[in-house]
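Only one structure is covered here, and it is reproduced in the block below.
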Amino acid sequence: MSQSQELYDKAVKLMPAGVNSPVRAFRSVGGTPIFMDRGKGAYITDVDGNSYLDFCGSWGPLILGHCHPAVTAAITEVVSRGWTFGTPVREEVELAGLIIEKLKAVEMVRFVNSGTEAVMSAIRLARGFTGRDRVLKFRGCYHGHVDYLLVDAGSGLATFGTASSDGVPEDFVKLTATMDLDDLQGLETLFKEMGHELACVAIESVPANNGLLIQSREYVQKLRSLCDEYGVLLVFDEVLAGFRMPEVMGYEHYGVIPDLVTLGKVIGGGMPVGAYGGRKEIMSKISPLGGVYQAGTLSGNPVAMAAGYATLKTYFQEDVPGQIEKLGAHLDAGVASVLKDLTNIGFLRLGSLFWFYFNAPEPPRRADAISSQGGAVYKELHRFMLDRGMYMAPSSYEVGFLNTAMTQNDLDRFLDVLDQAKKEKIIS
Ligand code: PMP
């Protein structure tokens, strides 16, 4: 029996499904999760010594790959001086300064420990700032596991409060309106009906947790102008797409400036970090300056701040978006050539995010345009890839992540395996 299997057998007795985050459990692709031991650059190695080209990258944070020397050095240096004080530290000022220098939408920032916390806190702030209670979110956008954001829209233009998790009281989601993405007219109607009651609209800047649902500039710009007209704060959740776009941020991709931005993943370089930021006028409402309470024992801890600072400094100094575009163009051309005569599979890439979609004539822009039959094809493709050393996310709804440790040769290996999958009729 493999060591991975042995660990899994132990893990399932100790932790629900043996994991600490559901998608890791491989439920939708079958088989058992693989336990990793090491990572270096673009590759990860499991506890049995098998290596994989890593397209998961810890679900987004590792844009420089594993164990990047600058990040390793920063973490090691900071740990040698002590790793938590519960007081302000220099590293917070450095990371905050860099984020504010580079992000037009952020004049002040507050650090937290996860993306979930970032969104939860930004929405509390939006409610505190506007004095309104209702929020609007979009079907297919994930904002973490906050009670009132675990809401499914159902069908129809906008529905209120059907919780998509047990344990979330219906009363908690009554103030959350949900609607489909990419519905310009619906948006106008909804604002007419309840625009004056909305504290904020939360949207994943580039929705990438339920397929890659890239929105049109026209749609997002309309959303911005409706928010202005009705005094609603626009909250761009950049936890996943932030620092993964050719233009750095998702909001820059569409040419709008949101009122609040939530950050995570890349800004912590792989350590647990989230952040929210925006205009000074709004951020000044946070305790102890203002009346919106939000706190954290380990928030802004020096290890996470140093890892994030080293990651972002390298990101800007070495033009990571430019490097990714070169790699991405190589991948696009290679995938297009493999898939050219296939009709049931499509490929979409934006910045360092990519996604295979199935049985759709063009890239879906809303959750209900994603074919439910894609999962069965992806299940086979995923296994085929895994057995040949390609670690892709264990769900057809998750995107793949490129990083700068990858080379064109690495991507050529991936393309070879994709081509084999075509020859064996796994994709068609
Ligand atoms: N928002 C977005 C857009 C995300 O992608 C995620 C995580 N996938 C979250 C929020 C929640 O972040 P975390 O898992 O760090 O709580």
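Since the structure is predicted, the reported quantities are computational estimates derived from the model, not experimental observations. Order of appearance sets the numbers: ligands from 1, and atoms from 1 within every ligand. The residues of the chain are indexed from 1 along the displayed sequence.
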Near [X], which atoms of ligand 1 are under 4.0 Å from a heavy atom of that residue?
X    : value
G115 : 11 (C), 12 (O), 13 (P), 15 (O), 16 (O)
E204 : 3 (C)
G144 : 9 (C), 10 (C), 11 (C)
S114 : 15 (O), 16 (O)

Practice problem: Check whether any side-chain heavy atom of V220 sits under 4.5 Å from a side-chain heavy atom of H253, and report yes or no. | Solution: no

Quiz item: Taking side chain as C-beta onward, heavy atoms only, is M245 less than 4.5 Å from E252?
Solution: no

Exercise. Might you confirm whether atom NE2 of H330 has over 12 heavy atoms from other residues, nucleotides or ligands at distances under 6.0 Å?
Key: yes

Quiz item: Cut-off 3.5 Å, side chains only: do S225 and D228 have a donor facing an acceptor?
Solution: no

Look at [atom] and say which protein heavy atom is nearest, naming residue and atom and giving the distance to 0.1 Å.
atom                    : result
atom 1 (N) of ligand 1  : D237 OD2, 2.7 Å
atom 5 (O) of ligand 1  : N209 ND2, 2.7 Å
atom 6 (C) of ligand 1  : V239 CG1, 3.7 Å
atom 10 (C) of ligand 1 : H143 C, 3.4 Å

Quiz item: Quick one: does NZ or CZ of R413 land under 6.0 Å from the six-membered ring centre of Y43, within 45 degrees of the ring axis?
Solution: no

Quiz item: Which one holds for T116 and ligand 1: side chain close, backbone close, both close, or neither close, with close meaning a heavy atom under 4.0 Å?
Solution: both

Practice problem: Name the option, out of H145, K265, E238, that contains the heavy atom nearest to atom 7 (C) of ligand 1. | Solution: K265

Self-check item: Charged N-O contact under 4.0 Å between E197 and R134
Solution: yes

Self-check item: Pair R224 + D259: basic N to acidic O under 4.0 Å
Solution: yes

